[in-house]
Amino acid sequence: ISIVDGLSKVKIGDLGLAGPEGGNPRWVQAEAFRAPEVWTGVSCFHKADVWSIAAMILQRFDPNILGNADNIDKTLIPPMAWCLAKIILLFDPSCSSIPPPSDVDTTLQAYFKLAQNLTTTQAEEDSDELLLQIPSFEVWADLAMDAGIPKVVLDVIRLLAVPNPTNRPSALQALQSPEYKALQKAAAA
């Protein structure tokens, strides 16, 4: 993001992961930035990129909040299920807004079900500790504000990181939003 001659300019690079919109049903986005609908088999459309921007901002503040970079045993828990479970815990604990996989793709259905199970599985039978320790976004945002992350940044993440793509803003809507305008104003101050 830059300002040249009083005009704001945003440049986004694809780092070699670009493909035609809707052309590849999966795996166009890097795992940590992959939108929930892409994890469940929906083709990668422009709103998935909006999600990715929110994910990149989140990853900057908390490298293990999304993706599978943390130390999981990838032979026991498939990375797809682990990544989706993190999204569910962070943004959609009821798992009501993430589109489920198609009935045709049994592999994705299995990963989706495993992700749902990971959000409730205890570390040990006698323990109250969950296997996957990811707070809701609201809890994370409160901790982030206490750590000095500006509210305007968190508001932009909230705007962009909507699990259901039909409710997520387009890039144009996001750039015209009050949240983004407040972020620009704060950045200029």
Side-chain angles (χ1 to χ4, degrees), residues 14 17-59 61-125 127-141 157-171 174:
D14 64 47
L17 292 174
E21 182 175 78
N24 184 346
R26 303 176 243 178
W27 329 140
V28 173
Q29 297 171 310
E31 285 183 339
F33 310 127
R34 197 170 292 163
E37 67 271 18
V38 178
W39 280 115
T40 61
V42 175
S43 292
C44 194
F45 288 92
H46 63 279
K47 286 190 176 183
D49 290 333
V50 170
W51 172 276
S52 293
I53 291 170
M56 284 189 289
I57 298 168
L58 269 170
Q59 196 89 11
F61 294 120
D62 191 342
N64 289 325
I65 198 76
L66 295 172
N68 68 356
D70 40 3
N71 295 323
I72 64 164
D73 184 342
K74 293 176 178 132
T75 60
L76 296 177
I77 301 173
M80 283 182 57
W82 188 259
C83 293
L84 188 55
K86 285 182 168 186
I87 291 171
I88 291 169
L89 286 171
L90 193 60
F91 295 105
D92 189 21
S94 67
C95 207
S96 60
S97 62
I98 296 174
S102 148
D103 291 339
V104 176
D105 197 329
T106 56
T107 303
L108 284 180
Q109 284 180 338
Y111 287 141
F112 189 72
K113 187 164 186 65
L114 178 57
Q116 289 175 311
N117 289 339
L118 285 170
T119 66
T120 58
T121 303
Q122 304 300 318
E124 294 178 21
E125 298 256 344
S127 172
D128 287 338
E129 182 184 354
L130 290 175
L131 178 64
L132 185 55
Q133 297 290 324
I134 300 291
S136 70
F137 181 78
E138 293 310 317
V139 169
W140 183 88
I157 295 171
R158 269 188 203 93
L159 171 72
L160 303 177
V162 176
N164 188 324
T166 59
N167 299 331
R168 190 179 310 136
S170 67

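- Residues passing the side chain to side chain contact (heavy atoms under 4.5 Å, CB included) test with Ser96, sequence neighbours excluded: Asp92, Ser94.
- Pairs of residues two or more places apart, or lying in two chains, never qualify as ring pair (Phe, Tyr, Trp, His ring centres under 6.0 Å) while including a residue from residues 94-115.
- Side-chain contact between Leu114 and Pro78 is present, with heavy atoms from C-beta onward closer than 4.5 Å.
- For the pair Val162 and Leu159, the tightest heavy-atom approach, listed with the atom from each and the gap, is CG2-O, 3.5 Å.
- When the side chain to side chain contact (heavy atoms under 4.5 Å, CB included) test is applied to Ser136, the partners found at least two apart in sequence or on another chain are Glu138, Val139.
- For the pair Thr119 (side chain) and Leu89 (backbone), a donor-acceptor distance under 3.5 Å is absent.
- Among pairs with a residue in residues 108-119, none fulfils salt bridge (Lys or Arg N to Asp or Glu O under 4.0 Å), at least two apart in sequence or across chains.
- For Leu160 against Ala54, the heavy-atom pair with the smallest separation is CB-CB, 3.6 Å.
- Taking every heavy atom of both residues into account, Lys86 and Gly67 meet most closely at NZ-O, 3.1 Å.
- Arg168 approaches Ala35 most closely through the heavy-atom pair NH1-CB, 4.2 Å.
- In this structure, the separation between CG on Asn164 and NZ on Lys47 is 9.0 Å, given to the nearest 0.5 Å.
- Separating the CZ atom in Phe33 from the CG atom in Asp49 is a distance of 12.5 Å, to the nearest 0.5 Å.
- Partners of Pro63 by side chain to side chain contact (heavy atoms under 4.5 Å, CB included), not counting sequence neighbours: none found.
- Ala85 approaches Ala115 most closely through the heavy-atom pair CB-O, 3.5 Å.
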### Message
Determine whether Thr40 and Leu84 satisfy the following criterion, side chain to side chain contact (heavy atoms under 4.5 Å, CB included), listing intermediate values before the conclusion.
### Response
CA-CA 9 Å; Thr40 61; Leu84 188 55; 4.0 Å; yes

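- Leu90 meets the side chain to side chain contact (heavy atoms under 4.5 Å, CB included) test with Leu58, Ile65, Leu66, Ile134, Phe137, Trp140; sequence neighbours excluded.
- Scanning both residues, Pro163 and Ile98, for their nearest heavy atoms gives CB-CG1, 3.7 Å.
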### Task
Begin with the C-alpha distance, continue with both residues' side-chain angles, and end with the deciding distance and a verdict on side chain to side chain contact (heavy atoms under 4.5 Å, CB included) for Arg34 and Ile87.
CA-CA 10 Å; Arg34 197 170 292 163; Ile87 291 171; over 6 Å; no

